[in-house]
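Only a predicted model underlies this, so the values are computations on that prediction, with no experimental measurement involved.
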Amino acid sequence: MASHNEIEIKFRVDDIRALERGLRKSGFRSVTRRTHELNTLYDLPGHDLRKRGELLRLRKYGTEWVLTHKAKGKSARHKTRVETETKVADGAKMESILRALGFTPTFRYEKFRAEWNDGKGNVVVDETPIGNFGEIEGPARWIDRTAHLLQIQQSDYITDTYTELFFQWKKRTSSPANEMTFKAIRAKRVLVNAMSM
């Protein structure tokens, strides 16, 4: 089990191909091709983790399962928080264990993620149901240097979680979707369009 200080920023991506060209030009290499990722957040009945600013997540990335705990973070220009994670052999059994301990699923979100690395840090490209985003993770000065190389302004930095971004999107669009999955958002869009006819 590894703990480390996670330092990152997100940014919106208008053109994935242009970003990938920029990454290659800046010396990054593709580590993981576009891969489906499904995340489930868990909490106790009183939402104790959320109240403390913590997160417990079970993620399926391709065929791999990972359990992650994130401590309360600090947001300035970059988001910083202690992250502890471990691979899990069987995601269904891990979910059973979490439920037996009193944890229940509170939010699900999915995306297609591609990972890039230059030997000093990572850039990921996420295609989500609410738009495309990138994340730059590594040492703070390296993040700023990488963002500059990719023509991302500091004013474009996002330190919100995907949960926060989803609920901001939901408020802005008046979407009735309750989770950030392609199926939920597509189904709600069809329903809203049918009702407006």
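With respect to the salt-bridge test (charged N to carboxylate O, under 4.0 angstrom), the residues Glu37 and Lys111 qualify. Look at Glu95 and Arg99 and you find a salt bridge, because one of the NZ, NE, NH1 or NH2 atoms lies within 4.0 Å of a carboxylate O, short of that distance. At a threshold of 4.0 Å, the pair Asp126-Lys10 does not count as salt-bridged, since none of the basic side-chain nitrogens sits closer than that to a carboxylate oxygen. With respect to the salt-bridge test (charged N to carboxylate O, under 4.0 angstrom), the residues Lys70 and Glu6 qualify. Using a 4.0 Å cut-off between charged nitrogen and carboxylate oxygen, Arg113 and Glu135 count as a salt-bridge pair.
Considering CZ of Arg12 and CG of Asp156, their distance stands at 10.0 Å, rounded to 0.5 Å. Of the inter-residue distances, the one linking Tyr42 atom OH with Phe103 atom CZ reads 11.0 Å to the nearest 0.5 angstrom. Rounded to the nearest 0.5 Å, atoms CG (Leu41) and OG1 (Thr104) are 11.0 Å apart. Annotation: the span from Leu149 atom CG to Arg145 atom CZ amounts to 8.0 Å, rounded to 0.5 Å. Taking CD1 of Ile9 as the start and CD1 of Ile136 as the end, the distance is 4.0 Å to the nearest 0.5 Å. Note that the CE atom of Met180 and the OG atom of Ser175 stand 12.0 Å from one another [nearest 0.5 Å].
Residues Val13 and Ile185 do not share a hydrophobic cluster, defined by chaining ILVMFWY side chains whose heavy atoms lie under 4.5 Å apart. Linking ILVMFWY side-chain heavy atoms closer than 4.5 Å, directly or via other members, places Phe11 and Leu23 in a single hydrophobic cluster. Linking Ile, Leu, Val, Met, Phe, Trp and Tyr whenever their side-chain heavy atoms come within less than 4.5 Å leaves Leu55 and Val66 in two separate clusters. The hydrophobic cluster containing Val88 also contains Ile97, counting ILVMFWY residues as joined when their side-chain heavy atoms lie under 4.5 angstrom apart, directly or transitively. No single ILVMFWY cluster, assembled from side-chain heavy atoms under 4.5 Å apart, contains both Leu19 and Val124.
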Open item on the list: Could you walk me through whether Asn178 and Phe107 satisfy the side-chain contact (heavy atoms from CB on, under 4.5 Å) test, starting with their C-alpha distance in whole Å, then the side-chain angles of each, then the deciding distance to 0.1 Å, before giving a yes or no?
Closed with: CA-CA 8 Å; Asn178 291 316; Phe107 185 65; over 6 Å; no
TODO: List the steps and the verdict of side-chain contact (heavy atoms from CB on, under 4.5 Å) for Tyr109 and Thr181.
DONE: CA-CA 5 Å; Tyr109 63 101; Thr181 61; 5.9 Å; no
Open item on the list: One pair to check against side-chain contact (heavy atoms from CB on, under 4.5 Å): Thr68 and Thr84. What are the steps and the verdict?
Closed with: CA-CA 6 Å; Thr68 304; Thr84 306; over 6 Å; no
Open item on the list: Could you go through Thr35 and Thr32, starting from their C-alpha distance and side-chain angles, then the distance that decides it, and tell me whether this counts as side-chain contact (heavy atoms from CB on, under 4.5 Å)?
Closed with: CA-CA 7 Å; Thr35 302; Thr32 308; 3.4 Å; yes
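Side chains of Ile158 and Leu165 form a contact here, defined as non-hydrogen atoms less than 4.5 Å apart. Residues Glu20 and Arg24 have side chains in contact (heavy-atom distance under 4.5 Å, counting atoms from C-beta outward). The closest side-chain heavy-atom distance from Glu83 to His69 is not below 4.5 Å. Annotation: side chain of Glu127 is in contact with side chain of Ile16 (closest heavy-atom distance under 4.5 Å). Put simply, the side chain of Asn132 does not reach to within 4.5 Å of the side chain of Val125, judged on heavy atoms. With contacts defined as side-chain heavy-atom distances shorter than 4.5 Å, the pair Arg108/Leu38 qualifies. For the pair Arg59/Thr40, no side-chain contact is recorded, criterion being any heavy-atom separation below 4.5 Å from C-beta on. Between Leu58 and Trp65 there is a side-chain heavy-atom pair separated by less than 4.5 Å.
Considering all non-hydrogen atoms of both residues, Lys79 and Thr159 come closest at CD-O, 3.1 Å. Across all non-hydrogen atoms, the minimal contact from Leu101 to Leu44 is O-CD2, 4.2 Å.
Atom CZ of Arg141 is surrounded by 12 or fewer heavy atoms from other residues, nucleotides or ligands within 6.0 Å. In Arg33, the CZ atom is not crowded: 12 or fewer heavy atoms of neighbouring residues, nucleotides or ligands sit closer than 6.0 Å.
Looking at Lys72, its side chain never comes within 3.5 Å of a backbone N or O of Gly53 through a donor-acceptor pair. Of the possible polar contacts, none joining the Arg34 side chain to the Glu115 backbone as a donor-acceptor pair under 3.5 Å is found. Under a 3.5 Å cut-off, the side chain of Asp43 and the backbone N or O of Gly46 do not form any donor-acceptor pair. Distance alone, capped at 3.5 Å, is enough to place a donor-acceptor pair between the Glu164 side chain and the Thr161 backbone.
Between Phe112 and His36, the two ring planes are perpendicular [angle over 60°; tilted spans 30° to 60°]. Using cut-offs of 30° and 60° for the angle between ring planes, the Tyr162 and Phe133 rings count as perpendicular.
Between the side chains of Asp160 and Gln168, a donor-acceptor pair is found at a separation under 3.5 Å. Residues Ser155 and Gln153 have side chains that never bring a donor and an acceptor to within less than 3.5 angstrom of each other.
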